[in-house]
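Order of the sequence lines sets the chain letters (A, B, ...), proteins ahead of strands, with each chain counted from 1.
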There are 2 protein chains.
Amino acid sequence: MQGLSIGEVAAQTGLQTSAIRYYEQMGLIPKPQRHNTRRRYDPSVLQWISLINLARKAGFSIAEVQTLMHGFEADTPPSERWQTMAHSKLVQVAQQMQVLQQMQALLTYGMQCQCLRLEDCRISDEQGCNEGCSGATQSEGCE
Amino acid sequence: MQGLSIGEVAAQTGLQTSAIRYYEQMGLIPKPQRHNTRRRYDPSVLQWISLINLARKAGFSIAEVQTLMHGFEADTPPSERWQTMAHSKLVQVAQQMQVLQQMQALLTYGMQCQCLRLEDCRISDEQGCNEGCSGATQSEGCE
DNA sequence: CTATCATGTGAAGTGCACTTTAAGTCAAGC
DNA sequence: GCTTGACTTAAAGTGCACTTCACATGATAG
């Protein structure tokens, strides 16, 4: 029997069969032939799926992968599609990095607190301000 | 009329009233007194809520804030609670940073592709390997 | 006195990326 | 012939952090 069953595609790509059907439904992978209701995949689908996996790892949502696949004029080469999408995604990634850095700052800042009761603690009062805890560690340059 | 209405608390904290009720339901803020079915808040709730906001900004989930509030012995000071929670959260933040860096790498790596047809493109084949596109830009040190 | 607004409740809805379930079909091995 | 396992479908469920809805009631302004 020629072609790959959905189970074989799942095994080779690391996806679950349910995810493959879902991707098909979302239009991310072409509808395969059927042998008596069963899907039979051309091996090229493996390449499609690894491109999808790459895009997902790079942070693209399913909707964005749809755009990558179908949101351009048919003769737009993959290189151009990727560049268009990747450009704005890089901006988002940079923003997310900043959020994480702020989280780091808040976490370490909060760790300096020495308060024994919540009522004493002013960590939460003025955000970004360097002095938070009443009796405690440091105070300086607070606006 | 003494105390704050839920609308006033919402206005002062930037939360929506629905979020305040939700936090109450989740046990993040103490149940306020009622005046004839209406909630009446002591102003100290503002401090509670800004601590919650801080924790949320620092990346704690609602469940983690619950732990922060109620997951320790009653005499554990806030400083110790925060340090315990922040330590593991900092590890997660660092991991998330690495994920973002990998995303950046994948995005810029894919932007080097010059392929005109998806079939030519091997970006997706061997991940982390530096040569991806057949006719194109560069190839070097690929394991 | 009445219209309007804020508030009360429980239940259901939202978005995302799938997974799980229920109920049925098909091919192969014993 | 029968069981087992892989497969089929549509529909519902998951997790998170809320929001929205429908409907009831209380407070306030004119």
Novice: For DNA chain D, which nucleotides open and close the run of contacts to chain B, 5' to 3', at under 4.0 angstrom from a non-hydrogen atom?
Specialist: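 First and last nucleotides in contact are D:dA17 to D:dA27.
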Novice: Quick one: CE on A:M85 to CD on A:E80, what's the gap to the nearest 0.5 Å?
Specialist: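 The distance works out to 13.0 Å.
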Novice: Nearest-nucleotide wise, let me know which of B:R56 and B:T37 is further upstream toward the 5' end of DNA chain D.
Specialist: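 Nearest-nucleotide comparison on DNA chain D picks B:R56.
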Novice: Which residues in residues 38-46 of chain A have at least one heavy atom lying under 4.0 Å from any atom of DNA chain D?
Specialist: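 Within this stretch, A:R38, A:R39 sit under 4.0 Å of the strand.
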Novice: Which heavy atom in B:V65 sits nearest to a heavy atom in B:R56, and how many Å separate them?
Specialist: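 Shortest heavy-atom separation between B:V65 and B:R56 comes out as CG2-CD, 4.3 Å.
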Novice: Work out which heavy atom in A:K57 is nearest to a heavy atom in B:M103; give both atom names and the distance.
Specialist: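 Scanning both residues, the minimum pair turns out to be O-CG, 3.1 Å.
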Novice: Which parts of residues 3-24 of chain A get close to DNA chain D, meaning a heavy atom less than 4.0 angstrom away?
Specialist: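 The answer is A:S5, A:I6, A:G7, A:R21.
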Novice: Which heavy-atom pair separates B:H70 from B:R81 by the least distance, and what is that distance?
Specialist: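 Shortest heavy-atom separation between B:H70 and B:R81 comes out as N-NH1, 4.2 Å.
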Novice: If you take the centroid of each ring, where Trp contributes its six-membered ring, are B:W82 and B:F60 closer together than 6.0 Å?
Specialist: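 When the ring centroids of B:F60 and B:W82 are compared, they turn out to be within the sub-6.0 Å range.
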Novice: Could you tell me whether the side chain of B:Q112 reaches within less than 4.5 Å of the side chain of A:S79, counting heavy atoms only?
Specialist: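 Contact flag for A:S79/B:Q112 side chains = no.
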Novice: Taking side chain as C-beta onward, heavy atoms only, is A:Q2 less than 4.5 Å from A:R40?
Specialist: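 Counting from C-beta outward, A:Q2 and A:R40 never come under 4.5 Å.
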Novice: Please name the pair of heavy atoms, one in B:A86 and one in A:L107, separated by the smallest distance, quoted to 0.1 Å.
Specialist: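 Closest heavy-atom pair between B:A86 and A:L107: CB-CD2, 3.8 Å.
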Novice: Rounded to the nearest angstrom, tell me the gap between atom CZ in A:R34 and atom P in C:dT25.
Specialist: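 Result: 16 Å.
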Novice: Do B:L4 and B:Q12 come close enough that some side-chain heavy atom pair is under 4.5 Å?
Specialist: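 The answer is yes, as the side chains (C-beta and beyond) meet within the 4.5 Å cut-off.
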Novice: Looking at B:I49 and B:I29, what are the two nearest heavy atoms and their distance?
Specialist: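 That would be CG1-CG2, 4.0 Å.
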